[in-house]
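Hydrogens, waters and symmetry mates play no part in the numbers below; they use all other heavy atoms, side chains included.
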Amino acid sequence: MSKEVCPEWQSVESHLRKTVPGFVQYETGGALTLELDDEDWQLEVTPQGQLICQAGYALEDMQSLLSDGTAEDLGSDELAKQTKFYIQQLVAKHRDRLKQDGFTERMEMNDDYVAVFFERRVDLKNLSKLDHLIAQYQQQFRTI
């Protein structure tokens, strides 16, 4: 994915901050992120014109969850495998709809987390359509 920022990003950013409560920007000039109602899902609009629905788990949090107070430590491979299993369960109820809507899926793993990303291009010049898409996914992740 190109890191080139769309020229209209500043006006998109300003518009979304005014019209969609809850958007957070973790880096100045970076993507806007919105927590969704369904578990660990987030929706992100990037300055490159991507709409991303994502979910993931920090491996440290998953280690705590899986060990449930025991002293047993899972090896990193087993921990990653278990985390991928949990993510697949989380993703299963949304995957078909997101793929039908033109999203592509990718998984990312490193020493800190396992996450799944569903990404699609959006036209940052068409704010009414972008508003509609954001509302659509807020609703989708609220009702399933």
> Which pair of non-hydrogen atoms, one from Val12 and one from Leu124, has the smallest distance, and what is that distance?
Replying inline: CG2-O, 3.3 Å
>> With a 3.5 Å distance limit and no angle check, can you tell me whether Arg121 reaches the backbone of Gln48 through a side-chain donor-acceptor pair?
In response: yes
>> Looking at every non-hydrogen atom in both residues, tell me the closest pair between Ala55 and Ile87 and how far apart they are.
In response: O-CD1, 4.5 Å
> What's the shortest heavy-atom distance between Leu59 and Leu79, and which atoms?
Replying inline: O-CD2, 3.6 Å
>> For Gln89, is the CD atom crowded, meaning more than 12 foreign heavy atoms sit under 6.0 Å from it?
In response: yes
> Among all residues two or more places apart in sequence or in another chain, which pass the side chain to side chain contact (heavy atoms under 4.5 Å, CB included) test with Glu13?
Replying inline: Trp9, Arg17, Gln25, Leu32
> Quick one: salt bridge (charged side-chain N to carboxylate O under 4.0 Å, His left out) partners of Asp101, sequence neighbours excluded?
Replying inline: Arg97
Cut-off 3.5 Å, no hydrogens considered: what does the side-chain donor-acceptor table look like for residues 110-117, sequence neighbours left out?
unit_1 : atom_1 : unit_2 : atom_2 : d
Asn110 : OD1    : Asp112 : N      : 2.6
Asn110 : OD1    : Tyr113 : N      : 3.0
Tyr113 : OH     : Glu108 : OE2    : 2.2

> Does the gap between the ring centers of Tyr137 and Phe118 come in under 6.0 Å?
Replying inline: no
> Does Ser11 have any side chain to side chain contact (heavy atoms under 4.5 Å, CB included) partners at least two apart in sequence or in another chain, and if so, which?
Replying inline: Glu8
> Who are the side chain to side chain contact (heavy atoms under 4.5 Å, CB included) partners of Lys81, not counting sequence neighbours?
Replying inline: Glu78
>> How long is the straight-line distance from SG of Cys53 back to CD of Gln140, given to the nearest 0.5 Å?
In response: 7.0 Å
>> Holding to salt bridge (charged side-chain N to carboxylate O under 4.0 Å, His left out), I want the full list of residues that pass it with Arg95, two or more places apart in sequence or in another chain.
In response: Glu105
> What residues, two or more places apart in sequence or in another chain, satisfy side chain to side chain donor-acceptor pair (under 3.5 Å) together with Glu60?
Replying inline: none
> Which pair of non-hydrogen atoms, one from Cys6 and one from Gly49, has the smallest distance, and what is that distance?
Replying inline: SG-N, 4.1 Å
>> Between Val20 and Gln138, is the side chain to side chain contact (heavy atoms under 4.5 Å, CB included) condition met? List the steps.
In response: CA-CA 10 Å; Val20 183; Gln138 283 179 301; 4.1 Å; yes
>> So, using side chain to side chain donor-acceptor pair (under 3.5 Å) as the criterion, who are the partners of Gln42 when residues are at least two apart?
In response: Glu35, Gln54
>> Run the side chain to side chain donor-acceptor pair (under 3.5 Å) test against His132 and tell me which residues pass, sequence neighbours left out.
In response: none
> Does anything in residues 22-62 pair up under ring-ring contact (aromatic ring centres under 6.0 Å, His included), and if so which pairs, sequence neighbours excluded?
Replying inline: Trp41-His94, Trp41-Phe141
> Nearest heavy-atom pair of Leu34 and Pro21: which atoms, and what distance?
Replying inline: CD1-O, 3.5 Å
> Listed by chain and number, what are the side chain to side chain contact (heavy atoms under 4.5 Å, CB included) partners of Asp37, not counting sequence neighbours?
Replying inline: Arg142
>> Using modelled atom types and a 3.5 Å cut-off, is there a donor and acceptor pairing between side-chain atoms of Thr19 and backbone atoms of His15?
In response: yes
>> Restricting to non-hydrogen atoms, name the atom on Gly30 and the atom on Pro47 that form the minimum distance, rounded to 0.1 Å.
In response: C-CG, 3.8 Å
>> Which residues pass the side chain to side chain donor-acceptor pair (under 3.5 Å) test with Asp123, not counting sequence neighbours?
In response: none
